[in-house]
Amino acid sequence: MLRLKGFFFFLLKAAGRVEVRPLTPETPVNLQSPLPQPRDGAEVTESFPLDFTAVEGNVDSFMAQVKNLAQSLYPCSAQKLDQDMKLRFLGNVSVTCNDGTPAGYYLRESKGSKRWLVFLEGGWYCFSKENCDSRYETMRRLMSSTKWPQTKTGTGILSPQPEENPHWWNANMVFVPYCSSDVWSGASPKTDQSGYAFMGSLIIREVVKELLAQGLDTAKLLLLAGSSAGGTGVLLSVDRVAEQLEELGHTNVQVRGLSDSGWFLDNKQYRCTDCSDTISCAPTEAIRRGIRYWNGVVPERCREAHEGEEWNCFFGYKLFCPSSAGPVFVVQWLFDEAQLTVDNVHLTGQPMQEGQWRYIQNLGNELRSTLKDVPAMFAPACLSHEVITRSYWMDIQVKGTSLPRALQCWDRSFHDDGRSKSPPKGCPVHLMDSCPWPHCNPTCPTIRDQYTGQEMNVVQFLMHMGFDVQKMAQQQGMEPGKLLGMLSSGS
């Protein structure tokens, strides 16, 4: 038996696994009494009582030692633990990927957990027969299930490792591959005219329906998460999922959303170009064409507000409603690489023109403005795209708070019945950097030179982009050396 700061732990070996189970100090434990004998055919559980003194040092290190000890007590511990998500195709074969192959999802069950995380993959979109044909040739994985692997390993918030995912590691994990190219909004079967099916919204509906038979029906919380196009898909779908569960009688399941890098702006491009492909086309025009091609579905409330111009509902600040059925936590880089790409600001490694530099700074200001009224959000001043499934997602901080910590605080800002309450003191959920330049936050992900592959610090990066330290220092009324020092420290 282990004693750790008033709690007791038992190492249990049962049916090929070793567990560390907590017991409260009030639980009566008699280590001298014999273990109860199992009924015939029942699962045999072996208990290994160990006596340790209280641990005053590093708890994380201690628990890592406990984990190693538990594995050493299990003779087959060298075998690979079954922690991958396994592929399942939808039972409803009429709901398909773009090319008519079956849609599906990856699942890792966590028996006993009442928390479910359903993740929507991202990956741009296509909006015409021509650029969908091109996408099918170059990115077929995002339009067909033909070559999907049988298993998938979760990373970041999908990781089964508590060291990488401290608050969600033991949830039921679901990864839904993106194969509809419609920002998870389509409701159109394959036709001779379009050549493709666009069924993103129907795939989400069918996945949720099938998960009810896997244990979602008894869940307390469903977190619908997604990155990039998947993040926009969360904003479009979270209320619909909540309504679906309510209509099916599962009012016990709270539904929330986590949108990562899906809060796009419909701003004017830095340099206007013809709308020939997804990358060069202005976001407003691409979505305007796409929503017709996909038969895209948007939330009813937003559709009524923008009747005839439903494309507006793909832009977070026009779609988001704090009082919606499913509360949403928004994660957004203030200098999002995908946003800059569709705005035709290309970081080619050449010194940046002053107009481009001003455009990038204005982008950060515009994003801050649209996010200021979002109750729960995490917005670092970094140049990047997507974060919640990255292995480094725990390292990014805003004002001293990491993203996993902010999500935990958000989790604690709800009553058991789902009603909102104030988060505990010292537990922030509205976190946005105020420094004005890309990568002025010292915890931003590593930047690499696009040509040499070498890492760059923030000063090297800014100078590489044509940042004029002398001029900026003069404008701020300080010595260049002092400004460089402030930039290096993230001030």
Results of ring pair (Phe, Tyr, Trp, His ring centres under 6.0 Å) for Phe329 - residues two or more places apart only: Trp410
Side-chain donor-acceptor pair present, Asp84, Thr153, cut-off under 3.5 Å: yes
Pairwise side-chain contact, Leu120 with Ile204, heavy-atom cut-off 4.5 Å (strictly under): yes
N/O donor-acceptor pair under 3.5 Å between Ser145 side chain and Ala103 backbone: no
Ion pair Asp260/Arg390, N-O distance below 4.0 Å: no
Residues Phe127, Cys281; criterion side chain to side chain contact (heavy atoms under 4.5 Å, CB included); working and verdict: CA-CA 10 Å; Phe127 55 82; Cys281 190; 4.1 Å; yes
Side chains of Leu212 and Leu245 in contact at under 4.5 Å (non-hydrogen atoms): yes
Sub-4.5 Å side-chain heavy-atom contact between Trp333 and Pro445: yes
Side-chain heavy atoms of Gln161 within contact of Trp169, under 4.5 Å: no
Donor-acceptor contact below 3.5 Å, side chain Thr151 vs main chain Met85: no
NZ (Lys318) with more than 12 external heavy atoms under 6.0 Å: yes
Note: Glu109-Arg88 ion pair, threshold 4.0 Å (strictly below): yes
Side-chain H-bond candidate by donor/acceptor type, Tyr136 with Asn98, under 3.5 Å: no
Closest contact, heavy atoms only, Ser185 versus Phe314: OG-CZ, 3.6 Å
Flag if over 12 foreign heavy atoms under 6.0 Å of CG, Asn365: yes
Where Pro149 and Tyr106 come nearest, the two heavy atoms and their spacing: O-OH, 2.5 Å
Any side-chain heavy-atom pair of Cys126 and Tyr196 under 4.5 Å: no
Rounded distance (nearest 0.5 Å) linking atom SG of Cys313 with atom CZ of Arg303: 9.5 Å
Closest approach of Ala219 to Val253 (non-hydrogen atoms, all atoms of both residues): O-CG2, 3.5 Å
Among His385, Glu337, Gln339, the one residue meeting side chain to side chain contact (heavy atoms under 4.5 Å, CB included) with Ser261: His385
Carboxylate-amine/guanidinium contact Arg288 Glu285, below 4.0 Å: yes
Derivation of the side chain to side chain donor-acceptor pair (under 3.5 Å) call for Ser144 and Asp99: CA-CA 6 Å; Ser144 173; Asp99 67 348; 2.7 Å; yes
Asp239 side chain reached by Glu300 side chain, heavy atoms, under 4.5 Å: no
Interatomic distance, Glu310 atom CD to Ile291 atom CD1 [nearest 0.5 angstrom]: 5.5 Å
Residue pairs involving residues 179-192 (criterion salt bridge (charged side-chain N to carboxylate O under 4.0 Å, His left out); sequence neighbours excluded): none
Minimum-distance pair of heavy atoms, taken over all atoms of Gly156 and Asn165: O-CB, 3.4 Å
Atom NZ of Lys421 with >12 non-hydrogen neighbours under 6.0 angstrom: yes
Aromatic ring pairing Phe89/Trp148, orientation class (parallel under 30°, perpendicular over 60°, tilted between): parallel
Whether Asn172 side chain and Arg115 backbone form a donor-acceptor pair below 3.5 Å: yes
Between OG1 on residue Thr370 and CZ on residue Phe315, distance to nearest 0.5 Å: 12.0 Å
Asn295 backbone acceptor or donor facing Ser188 side chain under 3.5 Å: no
Donor-acceptor under 3.5 Å (Thr101 side chain, Cys97 main chain): no
Test log, rule side chain to side chain contact (heavy atoms under 4.5 Å, CB included), inputs Met199 and Ser180: CA-CA 6 Å; Met199 310 186 86; Ser180 57; 5.5 Å; no
Gln193, CD atom: more than 12 neighbouring heavy atoms under 6.0 Å: no
Exam field: side chain His430 to backbone Asp373, donor-acceptor pair closer than 3.5 Å: no
Approximate separation, where rounding is to 0.5 Å, of Leu235 CG and Leu319 CG: 5.5 Å
Close side-chain approach of Val387 to Phe378, heavy-atom, < 4.5 Å: no
Closest heavy-atom pair and its distance - Leu265, Tyr317: CD2-CD2, 4.1 Å
Nearest atoms (heavy-atom pairs only) where Ile157 meets Met173: O-CE, 3.3 Å
The single option from Phe198, Tyr105, Trp184 passing ring pair (Phe, Tyr, Trp, His ring centres under 6.0 Å) against Tyr178: Trp184
Steps toward side chain to side chain contact (heavy atoms under 4.5 Å, CB included) verdict (Leu222, His250): CA-CA 11 Å; Leu222 166 59; His250 301 289; over 6 Å; no
Min side-chain heavy-atom separation Leu403-Ile396 under 4.5 Å: no
Atom pair CD/OG of Gln332 and Ser384 - distance to nearest 0.5 Å: 10.5 Å
side-chain hydrogen bond (donor to acceptor under 3.5 Å, both in side chains) contacts in which one or both residues fall within residues 393-405, not counting sequence neighbours: Arg405-Gln408
NZ or CZ of Arg256 within 45° of Phe414 ring axis and under 6.0 Å: yes
Rounded distance [0.5 Å steps], CD1 in Ile203 versus CG in Leu90: 7.0 Å
Worked verdict on Lys114 versus Thr218 for side chain to side chain contact (heavy atoms under 4.5 Å, CB included): CA-CA 7 Å; Lys114 299 291 186 181; Thr218 62; 3.6 Å; yes
N/O donor-acceptor pair under 3.5 Å between His306 side chain and Trp311 backbone: no
For Glu137, the option from Arg135, Arg141, Arg140 that meets salt bridge (charged side-chain N to carboxylate O under 4.0 Å, His left out): Arg140
Ser228 side-chain N/O to Gly230 backbone N/O, donor-acceptor pair under 3.5 Å: no
Aromatic ring pairing Phe119/Phe175, orientation class (parallel under 30°, perpendicular over 60°, tilted between): parallel
